**Student:** 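Provided herewith is a single structure, encoded as structure tokens, for subsequent inquiry.
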Amino acid sequence: MAASASDIRSALSIASQPQNPAQTPAQSKKLQAQSSRKPDGISRELYSLIGPSAPSLAAQLAKPKLKQKPNLGSRSVVKWEWRSFTNGARKDKLQLRHWTKAATDVNADYPFAKYNVQSTPYIYTDEEYTQYLQDPEWTKEETDFLFNVVREFDTRWYVIYDRYDFQGGPARSMEVSVVLFKLDTYDQSTLSPQDLKDRYYSACRKLIRNRPWSGDEASKSSLLASFHFDKEREITRKKYVASLENRTPDQVAEEEALYIEVKRLEQSERKFKKDREDLLRVLSGVESGLPDVLEDESPFNNLPIIDTKKKRKGPSSGFLPTDVDSPTSASNVIALDPPIVRKPRDPKSIAYDAQHCIIRTDLPPNVQATKAAHHPAFMRSFKLPYPKAALAPRINQIFAELGINNTRLVMPTRDNCARLEGLMEHISALVESKKILDKLEYDIQVAKKRLGIRNSEDREGGGGGGKGKGVGIGSAMDVDDGDADADAEAEEESVRDGRAQSIVSTKSARSRRPTRRSMSISSVDTNATASARASNKRKFRN
Amino acid sequence: MSNDRVRVRGLSIFRPIIYGNTATVLTPKERESLSSPDHTHKWTVAVRSAASNPNSDIVGGADDLSYFIKRVVFKLHETYPNQSRTVDKPPFEVSETGWGEFEIQIRITFISESGEKAILLYHHLKLHPWNATGEAEIPPLDVAIKYGPVHSWQYDEIVFNDPFQNFLSILTAHPPTPLPKGSKRPVPFHLSNPASLEASKGGTPEFTTQMAKEEADRLDAAKKEVLAQQEAMRLQIVEKEKELDSLQRQLNSMA
């Protein structure tokens, strides 16, 4: 009860030591030390009763420390308003309403409008197509068609697959559903929907790569990466997915069983190894100093661990395991050379280079250094690009329009010289395109003229043609008529008598016919119809 | 020692310099004391380091370039007595009086450790005040004197490829004073940037990295414009190709 007595003393703030000479300073120190070890969450009285022998209880008694409650009351309440807004991403002027903080600007843009990202459609010229995009599997027409569909459906590939029906091309997307759901029966020889993506993305990549780029290299490569599409990989992936989905329950069960089996084998192997190590230790009689047996699941995982262990152990124990008598140490001493990696330039050296105006370039490894190959010292501005002589006047004109002096720079730094060079290239390309455009315009005019001439000829010849046609038709009719005539005449042969009679007499042939019919009963029908037709024809003609 | 004469491959090192002239109109009094009274201007042509000393009234020249430049020869107009002026010691500059502008040939010879040939530069001696058009419009002297000193400086960088080891050590022992990011002093006027005329007035100009950045921005803006035009033209070409195609088809169908 000494503790409680001292507690009372401390509670009454009475100095304990002077008034309790019986207690030695050492004791009180001990007591203090003891009481200072009192864990949280247990009352002093209880602790002094049970002593330090109940750590588990103390842990349970410890109050859970919770995060402090957020102080909600002190802040002023934010005011919200029911406002109408226009979405900048919409083309129609639809007005919707939403709740916004009253503090926000009324005229601020709708913050979600920026997520309506429009993909930039890629269009290529004939020249670009012939230069970069030719593919033996694709015609230009089909490529045009593909790009149009992609543009129309905003690269939503499932829709594109669905709507893609290029007349006359090889079937590319029709079996999309088949492929998607029956990938296990997927056959390399059939054309796949991957073709569409592959063609589109590869074409875009080629365009990006070959077109002048306004940004820096990093943004170009990131854009290129966003158009990355590996057809083979995609096919393999889909195959894997399909095979994964198409497993039978039996297969799934088997797989699980196998997995458990593998785990079990690993475990038993580990146990075996451990036993072997123990045995070896006992046999070699060296109980201490051997490194701990490492449980290696994969042989490469723990190499660094071994390293650190050795480092820690070596100097402190002063005993290095001899390689000879411990079989495990043989594996332990394997030290892998650090992999030779090209060190990324550390900021220090970059700063050093910047300070001293040093520019390092990677050397092609097998270039022999000769005196002749040495590039003598030069002024940066000496290396400004010259326009191609043939295009120079036009290029210089464009430079003048842009307000850029292409022969001198204010600050011909390396960067700016490179920029000017790039600009020169772009302007050359622009001049070249202008040439193409001019040629096209000329061709169009020629074609239009030719068409005009052809048309006027046709109108003339169109009249003539019309006549000719009329004549043609007429003559055709004539021929037809003639045929009919011939027909009629051939058939009339038999009725000649009748007709002659009809001409002679005013009586109709028909009225006469019965008499003739009576004469040759066998030919009654044909004669009757033939004569009727003949007489009709005659009437028509007259 | 033999190691010193090895070239450090894959490395190029440059030193920013400026070259050009400053010119001031002589007062009538000063002219009287001259041997040739028809001279109207006093000028100094120089090759200096690009960075300026703070609080100095000369353009550039913060560093002494003699650690890599052995000699500079200024070849003046033939009417000057001993036309070629050789300067072996810093500062590498020649001061003269004269009445007319002409082209000065500047030959920079490097120290022997560099193993490099001399470099030739040309500078048009500028005496008369700048104007936006760049046309030589010479104001009367009493007007010109109010403009103050005329500055005409060109920034450039001397690039050494694969320098010898010992030359490289010499260069790295003398890192150039970096250009300030910006400056309160006027911008050195340059005909490639006529817009800087206003900013170039009122005192001794100073070169800054800001100028390089502004030029980069100008070039980038021009590039954007060119690319926009190119894109527009591409669309036009595609359209025209389609038109031509349909025309051709019509023609073919008629034939």
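Model, not experiment: these values are computed from the prediction. Every chain is numbered from 1, with letters handed out A, B, ... down the list of sequences.
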**Student:** Are any of the side-chain heavy atoms of A/R419 and B/D220 separated by less than 4.5 Å?
**Tutor:**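 They are in contact (side-chain heavy atoms under 4.5 Å apart), so the answer is yes.
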**Student:** With A/R380 as the cation and B/F14 as the aromatic partner, state whether NZ or CZ is under 6.0 Å from the six-membered ring centre and within 45° of the axis.
**Tutor:**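 Positive - A/R380 is close enough to the ring of B/F14 and near enough to its axis.
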**Student:** With a 4.5 Å cut-off on heavy-atom pairs, point out which of A/N405, A/I123, A/D126 contacts chain B the most.
**Tutor:**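 Top option by heavy-atom pairs under 4.5 Å: A/D126.
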**Student:** Given heavy-atom pairs under 4.5 angstrom as the criterion, report whether the side chain, backbone, both or neither of B/S246 touches chain A.
**Tutor:**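 Neither part.
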**Student:** For chain B, which residues of residues 441-451 of chain A have at least one non-hydrogen atom nearer than 4.5 Å to it?
**Tutor:**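 Result: A/E441, A/D443, A/I444, A/A447, A/K448, A/R450, A/L451.
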**Student:** Is the shortest side-chain heavy-atom distance between A/K434 and B/M233 below 4.5 Å?
**Tutor:**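 Contact flag for A/K434/B/M233 side chains = yes.
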**Student:** Find the distance between NE2 (A/H375) and CD (B/E116) and round it off to the nearest 0.5 Å.
**Tutor:**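 Here the interatomic distance stands at 10.0 Å.
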**Student:** Between B/R234 and A/E128, is the closest basic N to carboxylate O distance under 4.0 Å?
**Tutor:**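 Counted as a salt bridge, because a side-chain N and a carboxylate O are separated by less than 4.0 Å.
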**Student:** If every non-hydrogen atom of A/P376 is compared with every non-hydrogen atom of B/N161, which pair is closest and at what distance?
**Tutor:**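 Scanning both residues completely, I find the closest heavy atoms to be O-ND2, 4.5 Å.
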**Student:** Please report the shortest heavy-atom distance between A/L423 and B/A222, naming the atom on each side.
**Tutor:**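 Taking A/L423 first and B/A222 second, the nearest heavy atoms are CD1-C, 3.8 Å.
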**Student:** I would like to know whether A/L440 and B/E243 meet side-chain contact (heavy atoms from CB on, under 4.5 Å); could you show each step before the answer?
**Tutor:** CA-CA 9 Å; A/L440 271 172; B/E243 193 182 337; over 6 Å; no
**Student:** If I measure from the heavy atoms of chain A, does B/L179 come under 4.5 Å with its side chain, its backbone, both, or neither?
**Tutor:**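 Interface part for B/L179: side chain.
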**Student:** Can you tell me how far the CZ atom of A/R360 sits from the CZ atom of B/R9, to the nearest 0.5 Å?
**Tutor:**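 Result: 15.0 Å between the selected atoms.
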**Student:** Quick check for you: among B/V226, B/I158, B/D156, which has the greatest number of heavy-atom pairs under 4.5 Å with chain A?
**Tutor:**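 Result: the option with the highest number of such pairs is B/D156.
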**Student:** Is chain B contacted by the side chain of A/D415, its backbone, both, or neither, given a heavy-atom distance below 4.5 Å?
**Tutor:**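 For A/D415, there is no contact with chain B at all, as no heavy atom is under 4.5 Å.
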**Student:** Between A/I427 and chain B, with a heavy-atom cut-off of 4.5 Å, which part of the residue counts as in contact: side chain, backbone, both or neither?
**Tutor:**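 Contact with chain B: backbone and side chain both.
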**Student:** May I ask you to name which of B/E157, B/Q236, B/K213 has the most heavy-atom pairs under 4.5 Å with chain A?
**Tutor:**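 Heavy-atom pairs under 4.5 Å are most numerous for B/E157.
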**Student:** What verdict does the side-chain contact (heavy atoms from CB on, under 4.5 Å) test give for B/Y155 and A/L409, after you've listed the backbone C-alpha separation in whole Å, the side-chain angles of each residue and the deciding distance to 0.1 Å?
**Tutor:** CA-CA 9 Å; B/Y155 172 95; A/L409 285 176; over 6 Å; no
**Student:** Once you round to the nearest 0.5 Å, how far does NZ of B/K223 lie from CD of A/E425?
**Tutor:**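 Here the interatomic distance stands at 9.0 Å.
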**Student:** Count the heavy-atom pairs under 4.5 Å between each of B/N193, B/I108, B/D245, B/I237 and chain A, then report the option with the highest count.
**Tutor:**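 Counting heavy-atom pairs under 4.5 Å, the top option is B/I237.
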**Student:** Between B/K117 and chain A, with a heavy-atom cut-off of 4.5 Å, which part of the residue counts as in contact: side chain, backbone, both or neither?
**Tutor:**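 No part of it gets close to chain A.
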**Student:** A side-chain contact here means heavy atoms from C-beta on lying under 4.5 Å apart; do A/I358 and B/S12 qualify?
**Tutor:**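 Side-chain contact under 4.5 Å: no.
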**Student:** Any side-chain to backbone donor/acceptor pair from A/H356 onto B/T172? Under 3.5 Å, distance only.
**Tutor:**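 Pair found, side chain donor or acceptor close to backbone of B/T172.
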**Student:** For chain B, which residues from residues 392-400 of chain A have at least one heavy atom closer than 4.5 Å to it?
**Tutor:**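 Against chain B, none of the residues of residues 392-400 of chain A fall inside the cut-off of heavy atoms under 4.5 Å.
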**Student:** For B/I17, is it the side chain, the backbone, both or neither that has a heavy atom under 4.5 Å from a heavy atom of chain A?
**Tutor:**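 Contact with chain A is through the side chain of B/I17 alone.
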**Student:** Considering only heavy atoms, which portion of B/P176 lies under 4.5 Å from any heavy atom of chain A: side chain, backbone, both, or neither?
**Tutor:**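 Answer is both: backbone and side chain atoms of B/P176 are under 4.5 Å from chain A.
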**Student:** Given heavy-atom pairs under 4.5 angstrom as the criterion, report whether the side chain, backbone, both or neither of B/I119 touches chain A.
**Tutor:**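 Contact with chain A is through the side chain of B/I119 alone.
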**Student:** What residue in B/E241, B/H190, B/R218, B/E225 has the most heavy-atom pairs under 4.5 Å with chain A?
**Tutor:**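 It is B/E241.
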**Student:** So, do B/L219 and A/E421 sit near enough that their side-chain heavy atoms are less than 4.5 Å apart?
**Tutor:**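 No, side chains not in contact.
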**Student:** Among A/I404, A/T413, A/V410, which one satisfies side-chain contact (heavy atoms from CB on, under 4.5 Å) with B/E215?
**Tutor:**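 Result for side-chain contact (heavy atoms from CB on, under 4.5 Å) with B/E215: A/V410.
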**Student:** Under the side-chain contact (heavy atoms from CB on, under 4.5 Å) criterion, do A/I359 and B/I13 qualify, and how do the steps go?
**Tutor:** CA-CA 6 Å; A/I359 293 151; B/I13 180 165; over 6 Å; no
**Student:** Any chance NZ of A/K439 has more than 12 other-residue heavy atoms, nucleotides or ligands included, within less than 6.0 Å?
**Tutor:**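 No - once you tally the heavy atoms of other residues, nucleotides and ligands closer than 6.0 Å, there are 12 at most.
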**Student:** Pick one of side chain, backbone, both or neither for B/P16, based on which atoms fall under 4.5 Å of a heavy atom in chain A.
**Tutor:**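 The answer is the side chain of B/P16.
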**Student:** What residue in B/L171, B/I18, B/L168, B/L121 has the most heavy-atom pairs under 4.5 Å with chain A?
**Tutor:**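 The option with the most such pairs is B/L121.
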